[in-house]
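All values below were derived from every heavy atom in this structure, side-chain atoms included, with hydrogens, water molecules and symmetry-related copies excluded. Letters A, B, ... mirror the listed sequences (proteins, then strands); counts begin at 1.
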Number of protein chains: 2
Amino acid sequence: MGIDILDSLGIKVTKQRRAILNVILQAEVPLSADEIYARLAQDGTNFSTVYRTLATLAEKGALIKVGEAGAKTLFQLKDHTHKHHLICTECRKVLEIDECPIEALSHEIADSTGFKITGHCLELTGVCPSCARHLLKDVKPK
Amino acid sequence: MGIDILDSLGIKVTKQRRAILNVILQAEVPLSADEIYARLAQDGTNFSTVYRTLATLAEKGALIKVGEAGAKTLFQLKDHTHKHHLICTECRKVLEIDECPIEALSHEIADSTGFKITGHCLELTGVCPSCARHLLKDVKPK
DNA sequence: ATTGTTGCAAATAGTTTGCATTCTG
DNA sequence: CAGAATGCAAACTATTTGCAACAAT
């Protein structure tokens, strides 16, 4: 599983890369490098390898980076079915959003700016219902 | 200049804060902490103070953070006139985009998810005309 | 056999923090 | 004057890199 993906990118198929890709394939949400590393612990894959593999996969276009400015980078499959995220600023829970109002916009912008548009990132932040409840009771910790 | 902003946030007006805010007010594009620090060099404002001030201003809602995941955080005024960005992946040039197709979307999403939507971030990436030209000639460096 | 990939440890980059000092309201 | 803000240096966190050993094509 995932071998075909690695193969089709024209990079060597190694045990580590398969393992990393599997973690990502099995995840329902975008993961950070250290979350991926944690789920890999038994396999004895090195942290540097995780970073290098993620960088390679992102460069080859198999993964995309998401996440807020200044926060840990999250990685997810560059999915055919294009998804955006809604992130809870309290607990960091991530929800997927279906709509993507950008495709249309991007042609327009390419024309007016001369840029070759290669990607976009749309993220909404908010407070999820469960955190909202806690915030009402407790004084906000930290 | 900018004093009224600080005042209205209910925080103390100091020389450093005024200087930092002025740099931001005068910038036409979002700036990173170190860019702000650089433009402040003569004023002898400390780097920590820059970070602390930016954090405070962002917390109070006067600034927003933008920028790609994993890259340096950029700060800009939270403008009434809501702007998004188009960033060149080669030279990091930043262009502003006028349209914001999100406002409408966010009500819809708030309803369906129960989240209280507090913000959003939309960014497009691409290659600017000038970098596109260079990429044609040179082999891409690095 | 050759070249790309990995592990390890050390280096960076960006950002945050503790504490004594200084300044604003 | 009291509490908030600053400077400085040191701590952190996330990420990257040099190099020798190793594995995939």
Side-chain angles (χ1 to χ4, degrees), chain A residues 2-23 30-60 62-75 92 141-142, chain B residues 2-23 30-60 62-75 92 141-142:
Chain A
I3 298 179
D4 37 345
I5 297 183
L6 292 171
D7 235 349
S8 71
L9 294 174
I11 61 178
K12 287 189 179 173
V13 178
T14 66
K15 182 160 63 74
Q16 294 86 335
R17 284 176 175 170
R18 258 182 285 146
I20 292 168
L21 196 47
N22 276 337
V23 168
L31 299 175
S32 60
D34 61 311
E35 286 167 335
I36 293 171
Y37 178 68
R39 300 183 187 200
L40 233 43
Q42 334 80 340
D43 300 310
T45 299
N46 195 74
F47 218 139
S48 311
T49 302
V50 173
Y51 271 109
R52 280 194 273 233
T53 298
L54 293 173
T56 304
L57 294 178
E59 207 168 87
K60 297 285 181 182
L63 296 182
I64 56 174
K65 304 178 183 183
V66 301
E68 282 180 291
K72 253 184 267 203
T73 305
L74 305 178
F75 295 83
R92 296 277 134 196
K142 145 125 213 210
Chain B
I3 298 179
D4 37 345
I5 298 183
L6 292 170
D7 237 349
S8 71
L9 296 173
I11 61 178
K12 290 191 176 169
V13 179
T14 66
K15 182 160 63 74
Q16 293 86 336
R17 284 177 173 169
R18 257 182 285 144
I20 292 168
L21 196 47
N22 277 336
V23 168
L31 299 174
S32 60
D34 60 311
E35 286 168 333
I36 293 170
Y37 177 69
R39 302 183 186 200
L40 232 42
Q42 333 80 339
D43 300 310
T45 299
N46 195 73
F47 218 138
S48 310
T49 302
V50 173
Y51 272 108
R52 280 193 274 233
T53 298
L54 293 173
T56 304
L57 293 179
E59 209 167 86
K60 297 286 180 182
L63 296 183
I64 55 174
K65 304 179 183 184
V66 302
E68 283 180 290
K72 256 182 267 202
T73 305
L74 305 179
F75 296 82
R92 295 278 134 194
K142 160 151 196 188

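Taking 4.0 angstrom as the limit, Arg17(B) places a side-chain polar atom (N or O) nearer than this to OP1 or OP2 of dA5(D). Gln16(B) has a side-chain polar atom (N or O) that falls below the 4.0 Å cut-off from OP1 or OP2 of dG7(D). Proximity of Thr49(A) to the phosphate of dG7(C): a side-chain N or O atom is located under 4.0 Å from OP1 or OP2. For dT6(D), neither phosphate oxygen OP1 nor OP2 lies less than 4.0 angstrom from any side-chain nitrogen or oxygen of Thr45(B). Within the 4.0 Å cut-off from OP1 or OP2 of dT15(D), at least one side-chain nitrogen or oxygen of Tyr51(A) is found. In terms of phosphate contacts, Thr14(A) brings a side-chain nitrogen or oxygen within less than 4.0 Å of OP1 or OP2 of dT6(C). Within the structure, every side-chain polar atom (N or O) of Asn46(B) is placed at least 4.0 Å from both OP1 and OP2 of dT6(D).
Place Phe47(B) and Phe47(A) on DNA chain C by their nearest nucleotides, and Phe47(A) ends up nearer the 5' end.
Spacing between atom CG of Asp34(A) and atom C1' of dT16(D) amounts to 15 Å, rounded to whole angstrom units. Distance, Leu54(B) CG to dA5(D) P: 14 Å, rounded to whole Å. Residue Leu9(B) contributes atom CG, which lies 11 Å from atom P of dA5(D) at whole-angstrom precision. Between Leu57(A) atom CG and dG4(C) atom P the separation is 17 Å, expressed in whole Å. Straight-line distance from the NZ atom of Lys12(B) to the C1' atom of dC1(D): 11 Å, rounded to whole Å. Atom CD1 of Ile36(B) and atom C1' of dG14(C) are 14 Å apart (whole Å). In this structure, Leu6(B) atom CG and dT24(C) atom C1' are separated by 12 Å, rounded to whole Å. Across the protein-nucleic acid pair, Tyr37(A) atom OH and dA14(D) atom C1' stand 14 Å apart, rounded to whole Å.
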- request: For Leu21(A) and Thr53(A), run side chain to side chain contact (heavy atoms under 4.5 Å, CB included): C-alpha distance rounded to whole Å, both residues' side-chain angles, the deciding distance at 0.1 Å, then the answer.
  value: CA-CA 9 Å; Leu21(A) 196 47; Thr53(A) 298; over 6 Å; no
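Among the atoms of the strands shown, base atoms are found under 4.0 Å from some heavy atom of Ser48(A). Counting any heavy atom pair closer than 4.0 Å across all strands shown, Ser32(B) reaches no nucleic acid atom. The residue Lys72(B) sits close only to the backbone: its heavy atoms come under 4.0 Å of sugar-phosphate atoms, none of a base.
Taking all atoms of both residues into account, the shortest heavy-atom contact from Ile20(A) to Thr45(A) is CD1-CG2, 4.3 Å. For Ala19(B) against Leu40(B), the heavy-atom pair with the smallest separation is O-CD1, 3.8 Å. Residues Val50(A) and Tyr37(A) share a closest heavy-atom pair of CG2-CD1, 4.1 Å. In this structure, Pro30(B) and Glu35(B) approach most closely via the heavy-atom pair O-OE1, 4.1 Å.
The base of dG7(D) sits with one of its N or O atoms less than 3.5 Å from a complementary donor or acceptor on the side chain of Arg52(B).
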